[in-house]
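Down below is the structure, laid out as structure tokens.
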Amino acid sequence: MSTILERQYRRTLRWYPSSWRSQHEDAVIGTLLDVAEGENRSRPCLGEQLNLAANGMLTRIGLFLPARVRDGVATVALATGTAFATVYFFFHDWAPWAAADRAVQTGGTHHFGPFVNPGVIVCALWALGFVLALFGRYWTTRIVLGVAILVGLAMSFINQLPFAGWSGPSSTDLGFFDLLAALSLVGTPSRRGRLVIGAGVALAALLAVYAYRGAFRPRYYLDKFLWGTPEYSWTLGPTLAVALFVAVCFAMARRGTTGAVIAISTLPWAAAWLVTIVSDGRPEYLVICIWALLILGFVAVGIAAVRRSGFELVIRRRDESR
């Protein structure tokens with residue numbers, strides 16, 4: 001029986017990279033078998049297998065991204081997702097200040113209890129994950145956000161069925177939530193102060209965008225409000241380019257961790273921007289931005305190569321007295 005159990009554990013440990021297994025697999029297997037024997041078990045626990053699989057994936061990611069980068073990305077993603085969930089809930093799922101207009105706008109669709117659509121479930125999971133992270137329950141936070149990803153995927157499928165009939169949540173919003181949740185799983189948001197500040201800054205920025213576009217009037221706006229206007233898609237592309245340029249500047253200033261966190265944290269926004277551009281049918285703008293990003297990337301790689309080569313470009317003022 002122990003041979004079968006050991007084989008099952010070794011199969012689960014394949015989530016870890018081979019370099020890690022060659023050094024630690026036997027010791028971990030011995031510990032797992034001792035625990036199973038003490039608990040009189042002949043099969044691995046489900047929670048045990050999920051924990052091993054999650055840590056194995058994080059170890060594989062850690063081969064490319066240091067722990068500080070992963071933790072920073074997770075903090076930014078959790079803060080951004082929580083802020084977006086808050087805005088989505090108040091403006092698109094509830095909107096009590098626009099109850100009359102909401103009834104008109106969504107009159108031909110089903111409601112999800114007192115709310116417009118089942119997006120409130122995703123928002124509640126994000127709020128729960130944020131609170132758990134503040135209390136240091138990081139493993140439970142990962143479980144909650146993992147469930148949020150599954151709920152988002154299931155909701156995208158269910159919304160296409162004839163019986164659903166809800167006004168949202170849109171696939172763009174659900175995909176944005178899922179990408180943020182996936183990034184939040186790559187690390188541990190252990191800097192709680194930064195998490196709170198990040199959520200506050202993200203919430204203030206989103207509210208500023210909504211206020212600029214008039215969302216505080218007694219009107220109800222559908223959940224494509226953030227992505228659905230041409231001026232927003234035209235603005236988001238240059239904003240992403242600026243963010244990547246800032247990331248390159250941090251990398252050149254030997255602040256590679258900060259630069260990597262900024263660059264990776266733009267991925268959910270870039271994906272939402274790409275979907276918006278494609279759905280709007282403006283490929284020429286997409287081509288221009290892709291070329292700009294490629295040029296920026298080549299410049300960054302060239303600068304990094306020169307720095308690694310040991311060469312320096314020194315500019316001196318010519319002595320006019322000669």
Exercise. Looking at residues at least two apart in the chain, or sitting in another chain, which of them share a side chain to side chain donor-acceptor pair (under 3.5 Å) with Gln23?
Worked result: none
Exercise. What do you reckon, are the aromatic ring centroids of His92 and Tyr210 less than 6.0 Å apart?
Worked result: yes
For this session: State plainly whether one hydrophobic cluster holds both Val209 and Val242, where clusters connect Ile, Leu, Val, Met, Phe, Trp and Tyr through side-chain heavy atoms under 4.5 angstrom apart.
Result: no
Problem set entry | Check: Asp93 side chain, Asn117 main-chain N or O, donor-acceptor pair, under 3.5 Å | yes
Exercise. Would you say Arg194 has more than 12 foreign heavy atoms packed within less than 6.0 Å of its CZ?
Worked result: no
Seminar exercise, completed: Taking every heavy atom of Ala77 against every heavy atom of Leu183, the minimum-distance pair comes out as CB-CB, 3.7 Å
Exercise. Short question: side chain of Arg102, backbone of Tyr220 - any donor-acceptor pair under 3.5 Å?
Worked result: no
For this session: Return yes if a side-chain donor-acceptor contact under 3.5 Å exists between Arg142 and Thr188, otherwise no.
Result: yes
Seminar exercise, completed: CH2 of Trp97 to CZ of Phe90, rounded to nearest 0.5 Å, is 7.5 Å
Exercise. Are the side chains of Phe157 and Met155 in touch, meaning some heavy atoms are under 4.5 Å apart?
Worked result: no
Problem set entry | Parallel, tilted or perpendicular: ring planes of His24 versus Trp20, cut at 30 and 60 degrees | tilted
Exercise. How about Asp71 and Pro189: do any of their side-chain heavy atoms sit closer than 4.5 Å?
Worked result: no
Exercise. Can you tell if the side chain of Val144 reaches within under 4.5 Å of the side chain of Trp126, non-hydrogen atoms only?
Worked result: no
Problem set entry | Side-chain touch Phe91/Leu207, heavy atoms, less than 4.5 angstrom | yes
For this session: Would you kindly say whether Asp34 and Thr31 are connected by a side-chain donor-acceptor distance under 3.5 Å?
Result: no
For this session: Would you check if the side chain of Arg21 reaches a backbone N or O of Tyr16 as a donor-acceptor pair within less than 3.5 Å?
Result: yes
Problem set entry | Gly198 to Ala79 - nearest heavy-atom pair and separation | C-CB, 3.6 Å
Exercise. With the 4.5 Å side-chain cut-off for hydrophobic clustering, are Phe89 and Leu222 part of the same group?
Worked result: no
For this session: Please determine if Arg10 and Asp26 form a salt bridge, counting it only when a charged side-chain N lies under 4.0 Å from a carboxylate O.
Result: yes
Exercise. Looking only at heavy atoms, which two atoms of Ala83 and Ala199 are closest? And how far apart?
Worked result: CB-O, 3.8 Å
Problem set entry | Close side-chain approach of Leu267 and Ile264, heavy atoms under 4.5 Å | yes
For this session: Return the minimal non-hydrogen interatomic distance between Ala148 and Leu125, and the atom names on each side.
Result: CA-CD1, 3.6 Å
For this session: Hey, could you give me the CH2/OG1 distance between Trp269 and Thr80, rounded to the nearest 0.5 Å?
Result: 7.0 Å
For this session: For the residue pair Phe112 and Trp166, categorise the inter-ring angle as parallel (less than 30°), tilted (30 to 60°) or perpendicular (more than 60°).
Result: perpendicular
Exercise. Do Leu174 and Asn159 have side-chain heavy atoms sitting under 4.5 Å apart?
Worked result: yes
Exercise. So, Glu48 and Arg41, do they make that salt bridge, N to O below 4.0 Å?
Worked result: yes
Exercise. Which atom pair, heavy atoms only, marks the closest approach of Ala247 to Gly259?
Worked result: CB-O, 3.3 Å
Problem set entry | Within-4.5 Å side-chain heavy-atom neighbours: Thr258 and Ile262 | yes
For this session: State plainly whether one hydrophobic cluster holds both Val261 and Ile197, where clusters connect Ile, Leu, Val, Met, Phe, Trp and Tyr through side-chain heavy atoms under 4.5 angstrom apart.
Result: no
For this session: Establish whether Leu179 and Val186 are linked, either directly or via other cluster members, by ILVMFWY side-chain heavy-atom contacts under 4.5 Å.
Result: no
Exercise. Between atom OG1 of Thr82 and atom CG of Leu203, what is the distance when rounded to the nearest 0.5 Å?
Worked result: 10.0 Å
Exercise. CG/Leu32 to CG/Leu52 distance, rounded to the nearest 0.5 angstrom?
Worked result: 6.0 Å
For this session: Determine, using the 4.5 Å side-chain heavy-atom cutoff (strictly less than), whether Leu153 and Val122 are members of one ILVMFWY cluster.
Result: yes
Exercise. Quick check: are there more than 12 heavy atoms from other residues, nucleotides or ligands sitting under 6.0 Å from CZ of Arg217?
Worked result: yes
Exercise. Do the side chain of Ser265 and the main chain of Val76 share a donor and acceptor less than 3.5 angstrom apart?
Worked result: no
Problem set entry | Test of ring centre spacing under 6.0 Å for Phe84 and Phe177 | yes
Exercise. Is atom CZ of Arg43 surrounded by more than 12 heavy atoms (other residues, nucleotides or ligands) closer than 6.0 Å?
Worked result: no
Exercise. Can you tell me if Asn55 uses its side chain to pair, donor with acceptor, with the backbone of Asn51 under 3.5 Å?
Worked result: yes
Problem set entry | Rounded distance [0.5 Å steps], OG1 in Thr266 versus CG in Leu244 | 4.5 Å
Exercise. Is any side-chain heavy atom of Ile149 less than 4.5 Å from a side-chain heavy atom of Leu145?
Worked result: no
Problem set entry | Full working for side-chain contact (heavy atoms from CB on, under 4.5 Å) between Leu33 and Glu37 | CA-CA 6 Å; Leu33 290 176; Glu37 183 179 358; over 6 Å; no
For this session: List the atom of Pro44, the atom of Gln8, and the distance in Å for their closest heavy-atom pair.
Result: CD-OE1, 3.0 Å
Exercise. What is the distance from atom CD1 of Ile143 to atom CG of Leu185, rounded to the nearest 0.5 Å?
Worked result: 10.5 Å
